[in-house]
Amino acid sequence: MTHKNKHFSRASYALLSGFLAVILLILYIWWPLAEEYINLFNPAIPLWRQLDWLLIGIFLFMTITIMLKANLTVDAWIVLVGIFGGLAIEGWGTQTNLWTYYTAERPPLWIIPAWPIASLSIERIYRALNHLTRRIPDKPIQLTYWLVLGGFLLLMLDFVWPTLDKSLTVLALLACLLLTITPNNRRRTLLLFIAGSALGYFLERWGTTRQCWTYYT
């Protein structure tokens with residue numbers, strides 16, 4: 001009897017191939033950026049001390065998670081939402097100068113592929129969280145939902161306050177408000193928010209400490 005891997009399938013390897021193909025395409029089209037990064041290496045310092053271990057860790061984590069129980073039909077929609085959502089968010093943030101990239105692009109197209117990959121990884125983290133919290137009753141979940149999402153809206157309002165006169169910021173706030181008050185499955189929304197925040201912390205930690213992007217704060 002042949003053993004079938006329950007976690008990795010042909011769809012998993014198809015996603016991995018697509019992920020690697022996108023990375024190679026980015027390196028080809030935006031080679032000057034890659035070359036600039038490579039030139040930062042100092043031959044006088046051991047290579048292992050110069051490697052970006054945080055980036056490597058994030059890359060490996062996202063690579064493994066996107067392959068877990070992949071379903072191309074479902075994942076295709078997640079990828080589309082990630083691409084267009086990423087374009088909208090990056091366009092809003094860079095056009096209003098809430099954050100800027102070191103390349104001064106508004107928005108930089110080379111960062112957009114990171115959004116669908118992150119979206120797939122977040123969906124996989126959500127599955128794990130959903131399994132771990134399945135025994136928690138709905139009542140504390142509902143309370144936590146409003147505390148967490150309500151707190152986020154207040155923090156976001158404080159963050160975007162200097163650009164409140166911009167139509168893009170008003171639309172972003174309305175979108176967040178709408179996404180907060182309309183979901184029927186608040187448990188799913190809360191867990192997706194937690195999953196996105198957990199992964200987002202490390203992505204933001206990498207990007208801001210490497211000065212790839214900088215917030216106005």
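Keep in mind that what you see is a predicted model, and the values were worked out from it rather than measured.
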Checklist entry - If we ignore angles and hydrogens, is there a donor and acceptor under 3.5 Å between the side chains of T96 and T163? => result no
Item to check | Cluster overlap L179 with M156, hydrophobic side-chain contacts below 4.5 Å | outcome: no
Next on the checklist: Looking at every heavy atom in both C176 and T180, which two are closest together, and how far apart are they?
Outcome noted: O-OG1, 2.7 Å
Checklist entry - Between the side chain of R127 and the main-chain N/O of K69, is any donor-acceptor distance below 3.5 Å? => result yes
Checklist outcome for this item: So the ring-ring contact (aromatic ring centres under 6.0 Å, His included) pairs with at least one residue in residues 52-88 (sequence neighbours excluded) are F19-F59
Item to check | Polar side-chain atom of T65 near backbone of S121 as donor-acceptor pair, under 3.5 Å | outcome: no
Checklist entry - Do the ring centers of Y216 and F159 come within less than 6.0 Å of each other? => result yes
Next on the checklist: Membership question, hydrophobic clusters at under 4.5 Å side-chain separation (ILVMFWY): are L192 and Y201 in the same one?
Outcome noted: yes
Checklist outcome for this item: Which of R186, R187, R188 passes salt bridge (Lys or Arg N to Asp or Glu O under 4.0 Å) with D138? It is R187
Checklist entry - With side chains defined as the heavy atoms from C-beta onward, is the minimum distance between T94 and E105 less than 4.5 Å? => result no
Item to check | Note, Y215 side chain near E204 side chain (heavy atom, < 4.5 Å) | outcome: yes
Checklist outcome for this item: Nearest heavy-atom approach of T182 to L178 is OG1-O, 2.6 Å
Checklist entry - Is W115 close to E90 at the side-chain level, that is, under 4.5 Å between some pair of heavy atoms? => result yes
Checklist entry - Charged N to carboxylate O under 4.0 angstrom, D75 versus R124? => result yes
Checklist outcome for this item: The ring pair (Phe, Tyr, Trp, His ring centres under 6.0 Å) partner of F193 among Y126, Y145, F152, W146 is F152
Checklist entry - Stepwise, does the side chain to side chain contact (heavy atoms under 4.5 Å, CB included) test hold for W206 with I58? => result CA-CA 9 Å; W206 175 80; I58 293 172; 4.1 Å; yes
Checklist entry - Do V81 and L72 share a hydrophobic cluster (ILVMFWY, side-chain heavy atoms under 4.5 Å, transitive)? => result no
Next on the checklist: side chain to side chain contact (heavy atoms under 4.5 Å, CB included) for L87 and L109? Distances and angles first, verdict last.
Outcome noted: CA-CA 8 Å; L87 274 170; L109 295 180; 4.2 Å; yes
Item to check | Side-chain donor or acceptor of Q50 paired with backbone N/O of N42 under 3.5 Å | outcome: yes
Next on the checklist: The test is side chain to side chain donor-acceptor pair (under 3.5 Å); show your working for T169 and W92 and say whether it passes.
Outcome noted: CA-CA 7 Å; T169 293; W92 159 56; 3.1 Å; yes
Checklist entry - Are I194 and I125 close enough that some pair of their side-chain heavy atoms sits under 4.5 Å apart? => result no
Checklist entry - Between the side chain of T189 and the main-chain N/O of N185, is any donor-acceptor distance below 3.5 Å? => result yes
Next on the checklist: Checking side-chain polar atoms at under 3.5 Å, does T208 have a donor or acceptor matched by the opposite partner on W213?
Outcome noted: no
Next on the checklist: Starting from I64, can I reach I66 by hopping between I/L/V/M/F/W/Y residues whose side chains sit under 4.5 Å apart?
Outcome noted: no
Item to check | Cluster overlap L157 with V148, hydrophobic side-chain contacts below 4.5 Å | outcome: yes
